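Taking it in order: structure first as C-alpha cells, then the write-up.
Just so it is clear, the values below take in all heavy atoms, side chains as well, and ignore hydrogens, waters and symmetry mates. Every chain is numbered from 1 and lettered A, B, ... according to where its sequence line falls, protein lines coming before strand lines. Computed from a predicted structure; not experimentally measured.
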Amino acid sequence: MADNVRVRFAPSPTGLLHIGGLRTALYNYLFARRHGGTFVLRIEDTDRSRYVEEAEADILDSLAWAGLDFDEGPEKGGPHAPYYQSERGDLYKRYVDQLIASGDAYYAFDTPAEIDAMRERLKTPDNPTPTYDASTRMEMANALTLDAVEVQRRLDAGDEFVVRLKVPRGRSARFEDLVRGWVSFDTSEVDDQVLLKSDGMPTYHLANVVDDHTMDITHVIRGEEWLPSVPKHLLLYEFLGWEPPAMAHLPLILSPTGGKLSKRNADKMGIPVSVKDYREEGYEPEALVNFLAFLGWNPGDERELFSLDELVEAYSVERTAHSGAQFDLDKLQWINGQHLRALPMSEIAERAREAVEARVGPVETGQLEAAVGLMRERLTFARDLADAAYLFEDPTDFEEAGVQKRWKDDSAHLVRLYADRLEADVAFTVESTEAVMRQLAEDEGAGFGRIIHPVRLATTGVTVGAGMFETLVVLGRDATIRRLRRAADVLG
RNA sequence: GCCGCGUUCGUCUAGGGGUUUAGGACGCCGCCCUUUCACGGCGGUAACACGGGUUCAAAUCCCGUACGCGGUACCA
C-alpha cells in the first residue's frame, strides 16, 4: 500500500448526518489511520436548493462525537483549501473549459421542459426512462446540433445553458473495485451527464472528480449507490488526462426488514436514523462506532468488541462484505451495554449525571459513583441509572404488582423489627445488615424471603435491583430505617 | 424496462474446492448461580435461494433462474 494514502469523506449538507454517512466516514477514517494516511473532510455543497443551514455544524459535531477527527477540512484548513465545493468554482470552470476545448463536453441549451418532452415522446414500455445521450443528443438544442455562430450568440445573449459530457458509445469502462473486484460497464448505457448546471454550479460528478484529483485523493471509499456512476467518472479522468484513484464501494445499510433505511421508513420502525438521534437517545459513541463497523465488515476472527483504536489496528477494506446489512437495534443495545460497562466508574457516572439529575435534582459525585457501582451490570444506557431514582431519594410509591406479590400480613411487623435491630447495627456493612436479617428470620421463625422481599419493596419501592445489602449500605442507615418505618406505616 | 451489485441461522457474520456433524455473536428458549432483576457460566433452537454444469470431491468454481438492493436527475 502506498504510504501517502489520502482519503476523504464528502457529505452534502442537506440534512442531519445519518448513520450510513457515519459508517462511510468511519471506514475512510479507519483506512487512513491504518495506513498512516490523511483523512480529508470535504463539504459537497453544490446543490443550493437542498442546502440546509444547520447541516454542516451537525456533520462536524457528529464526527467529533464519534471520535473521527479529520486532518484537513472545514475550520481546520489544509494545503488543499478551500474544502467547500461552493468555493471552488474557478477550478471547475477551468476544467470544464478544457473539456469543451477538447471536444469531450458541450454546451446544451435545452430547458428542463424540453428535456421532459423528449423523454415523454421517446418513452416506450421497453424504455421507460429515455436519457439525454448519444442516441438523443442530435435532436436537442446544443453545440453539437447548432452552428457555432448560433451557440456563441446564445452564450452572449446570456441564455441559460448547461455543459454536458459527450459520452462515447460502445466502449467498455472497467475498473477493479477494492471490495468487489472487476466491474465493467458499457458506456452506451451512460447518459451525457450534466457537468455544469445552469446556475453555474458543478454537478457531483464533475466536482467530485476534479476535487479528488486536485486534493490528491488516492482511495475513494463510498456507498454502493455510487457504483453506477463510476463509468462517468472514469471517462472524466480519461478526458482530463488523470489517473483515477482506487475505489471501494461499500454495501448499503438496510432497514430491519431489508428495505431502504430512509428516514420515513426507519421512523416507522422506531429506528433513529440521524447520528444526532443516537446521541440524544443515550448511545455511547464507542458503541455506535463498533456496531457500524461490523455492519459490513469483520476482522475475520471471533472478536466483536472493539474500541476505535482497535478497529484501526484490525481494519482492512478487502474484508468488507459485499451485500447490504440489515440494521439490528437489539445488537446495538447489547454492544452499548458492553461498552458502557467497560468504562471507568467515574466516566459512567458523568455520562449518567444528566438523566439522574433531571429526575432527582443535583447529586454529589460520590453518591453518583456509589450508585454506578451498584447498578453497573444492570445498565444498557447510562441514563438507565435514573430508573434507580430511589438511590437518591425516598420512594414515593410502591410498585403495585410487587406489593401484591411480596407484601404479606406480617410484612409491616417484620420490617419494623428489622428497622429496630438496624438501629443497633453500628457497623452497617453488607455483612452486618445481612447477619441482622438472618438472625431476625431465625428469631421470628420466618423464612428469609419473608423479610428480604418486603424490605426491598419498602426501601426501594420496586422488586428488582442490585444486591439488597449492598443497596442498603449505599442508602445508609438513616435512610434505610426511615424508609422501612414509613413503608410499614403506608402499606400496613 | 435497461444497467450494475448482491444472496450462509430471524439478524450481523466466519468459512472461498476435501480440515464442516457449516463456527461465532445478537435475539429467543432451558438450566446453573441467586433474595429479586441483571451480569456471568452451561446447553438448546436455527442457515449454504433454486436449477444445471465442472470435479474423485462444491457452501466454496462456472452458467442460468428467482428474489433483493442500487442506478437510470440541471440530487448527492
Point to revise | Proximity to RNA chain B (any heavy atom under 4.0 Å), residues of residues 157-180 of chain A only | key: Val162(A), Arg164(A), Arg180(A)
Point to revise | Ring centre gap for Phe398(A) and Tyr390(A) strictly below 6.0 Å | key: no
Exercise for review: May I ask you to say what Arg119(A) touches in the nucleic acid, namely base, sugar-phosphate or nothing, with a heavy-atom cut-off under 4.0 Å?
Suggested key: sugar-phosphate
Study note, to complete from the structure: The contact string for nucleotides 34-40 of chain B, one letter per nucleotide 5' to 3', using protein heavy atoms under 4.0 Å with B, S and - for base, sugar-phosphate only and none, comes out as -BBBBSS
Review point. Under a 3.5 Å cut-off for both distances, is C37(B) Watson-Crick or wobble paired, and to whom?
Key: none
Review point. Paired with G64(B): which nucleotide, if any, by Watson-Crick or G-U wobble criteria at under 3.5 Å for both distances?
Key: C50(B)
Exercise for review: Ignoring backbone atoms, test whether Asn298(A) places a side-chain nitrogen or oxygen under 4.0 Å from the OP1 or OP2 oxygen of A14(B).
Suggested key: yes
Practice item. Ignoring backbone atoms, establish whether Thr203(A) has a side-chain N or O less than 4.0 Å from OP1 or OP2 of A73(B). Key: no
Review point. Rounding to the closest angstrom, what is the interatomic distance between C33(B) and C69(B) at atom C1'?
Key: 46 Å
Point to revise | Donor-acceptor side-chain pairing of Arg222(A) and His249(A) below 3.5 angstrom | key: yes
Check your understanding: Does Arg303(A) place a side-chain N or O at less than 4.0 Å from the phosphate oxygens OP1/OP2 of G24(B)?
Key -> no
Review point. If you measure from the C1' atom in G4(B) to the same atom in U11(B), how many Å do you get, rounded?
Key: 26 Å
Study note, to complete from the structure: Of the listed A14(B), A76(B), G1(B), the closest approach to the Asn127(A) side chain comes from G1(B)
Revision key, fill the gap. Paired to A22(B) by Watson-Crick or G-U wobble criteria (both distances under 3.5 Å) is none
Exercise for review: May I have the step-by-step check of salt bridge (Lys or Arg N to Asp or Glu O under 4.0 Å) for Arg137(A) and Asp133(A), ending in yes or no?
Suggested key: CA-CA 5 Å; Arg137(A) 64 183 169 226; Asp133(A) 61 18; over 6 Å; no
Check your understanding: Just checking, Arg48(A) and Tyr51(A): is the charged tip under 6.0 Å from the six-membered ring centre and within 45° of the axis?
Key -> no
Check your understanding: Who does G43(B) pair with, Watson-Crick or G-U, both distances under 3.5 Å?
Key -> C29(B)
Practice item. Could you check which of G1(B), G10(B), G70(B) has an atom nearest any side-chain atom of Asp328(A)? Key: G10(B)
Check your understanding: Which part of the nucleic acid, if any, lies within reach of Phe294(A) when heavy atoms closer than 4.0 Å are counted: base, sugar-phosphate only, or nothing?
Key -> sugar-phosphate
Exercise for review: State the pairing partner of C2(B); accept Watson-Crick or G-U wobble contacts with both distances under 3.5 Å, and report none otherwise.
Suggested key: G71(B)
Check your understanding: Does the ring center of Phe70(A) lie less than 6.0 Å from the ring center of Phe9(A)?
Key -> no
Exercise for review: Can you tell me, in whole Å, how much space there is between the C1' of A46(B) and that of U54(B)?
Suggested key: 32 Å
Review point. Between Asp211(A) and Arg88(A), is there a salt bridge with N-O shorter than 4.0 Å?
Key: yes
Practice item. Identify whether the distance between the nearest side-chain nitrogen and carboxylate oxygen of Glu139(A) and Arg121(A) falls below 4.0 Å. Key: yes
Check your understanding: Centre of Tyr107(A)'s six-membered ring, under 6.0 Å away, within 45 degrees of the axis: is that where NZ or CZ of Arg154(A) sits?
Key -> no
**Study point:** Atom-pair distance (CE on Met247(A); C1' on G4(B)), nearest Å
**Key:** 14 Å
Practice item. Flag this pair as yes if the NZ/CZ of Arg164(A) is under 6.0 angstrom from the six-membered ring centre of Tyr132(A) and inside a 45 degree cone about the axis; otherwise no. Key: yes
Review point. Which part of the nucleic acid does Thr46(A) contact within heavy-atom distance under 4.0 Å: base, sugar-phosphate only, or nothing?
Key: sugar-phosphate
Review point. So what does Ser49(A) touch, heavy atoms closer than 4.0 Å: a base, only the sugar-phosphate, or nothing?
Key: nothing
Exercise for review: Have a look at Thr131(A) and say if it touches a base, only the backbone sugar-phosphate, or nothing, with a 4.0 Å heavy-atom cut-off.
Suggested key: sugar-phosphate
Check your understanding: How close or far is atom C1' of G4(B) from atom CZ of Arg222(A), stated in whole angstroms?
Key -> 14 Å
Point to revise | Side chains of Glu286(A) and Leu308(A) in contact at under 4.5 Å (non-hydrogen atoms) | key: no
Revision key, fill the gap. note: Asn290(A), atom CG; U13(B), atom P; distance rounded to Å ~ 14 Å
Review point. For A76(B), does OP1 or OP2 lie under 4.0 Å from any side-chain N or O of Lys232(A)?
Key: no
Check your understanding: Starting at CD of Gln193(A) and ending at C1' of A73(B), how long is that distance when rounded to a whole Å?
Key -> 8 Å
Practice item. Check every strand shown and say whether Pro128(A) touches a base, only sugar-phosphate, or nothing at a heavy-atom separation below 4.0 Å. Key: base
**Study point:** P-based separation of G52(B) from U19(B) [nearest Å]
**Key:** 23 Å
Exercise for review: Specify the separation, in whole Å, of atom NE2 of His205(A) and atom C1' of U72(B).
Suggested key: 11 Å
Point to revise | Lys/Arg N to Asp/Glu carboxylate O, Lys166(A) vs Asp192(A), below 4.0 Å | key: no
Exercise for review: Taking the side chain as every heavy atom from C-beta outward, state whether Arg23(A) and Ile253(A) have any atom pair closer than 4.5 Å.
Suggested key: yes
Study note, to complete from the structure: By nearest-nucleotide position on RNA chain B, the 5'-leaning member of Glu302(A) and Asp186(A) is Asp186(A)
Review point. With a non-hydrogen cut-off below 4.0 angstrom, is Val183(A) in contact with a base, only sugar-phosphate, or nothing?
Key: sugar-phosphate
Practice item. Please state the P separation for the pair G24(B) and G41(B) - nearest whole angstrom. Key: 14 Å
Check your understanding: Below 4.0 angstrom from OP1 or OP2 of G15(B), is there any side-chain N or O of Arg319(A)?
Key -> yes
Review point. Between A76(B), G6(B), G4(B), which one does the side chain of Leu227(A) approach most closely?
Key: G4(B)
**Study point:** Heavy-atom neighbours of Lys408(A) NZ exceed 12 at 6.0 Å
**Key:** yes
**Study point:** Nearest-Å distance once atom P is located in both G16(B) and C2(B)
**Key:** 36 Å
Point to revise | A58(B) - base-pair partner by Watson-Crick or wobble geometry, distances under 3.5 Å | key: none
Practice item. Would you mind telling me which of A76(B), C2(B), A25(B) lies closest to the side-chain atoms of Glu189(A)? Key: C2(B)
Check your understanding: How would you label the contact of Asp384(A) with the nucleic acid (heavy atoms, under 4.0 Å): base, sugar-phosphate, or nothing?
Key -> nothing
**Study point:** Whole-Å C1' distance, U8(B) and C50(B)
**Key:** 15 Å
**Study point:** Candidates U13(B), C74(B), A76(B) - which lies nearest the side chain of Arg50(A)
**Key:** A76(B)
Review point. How far, in whole Å, is A14(B) from U60(B) if one measures between their C1' atoms?
Key: 13 Å
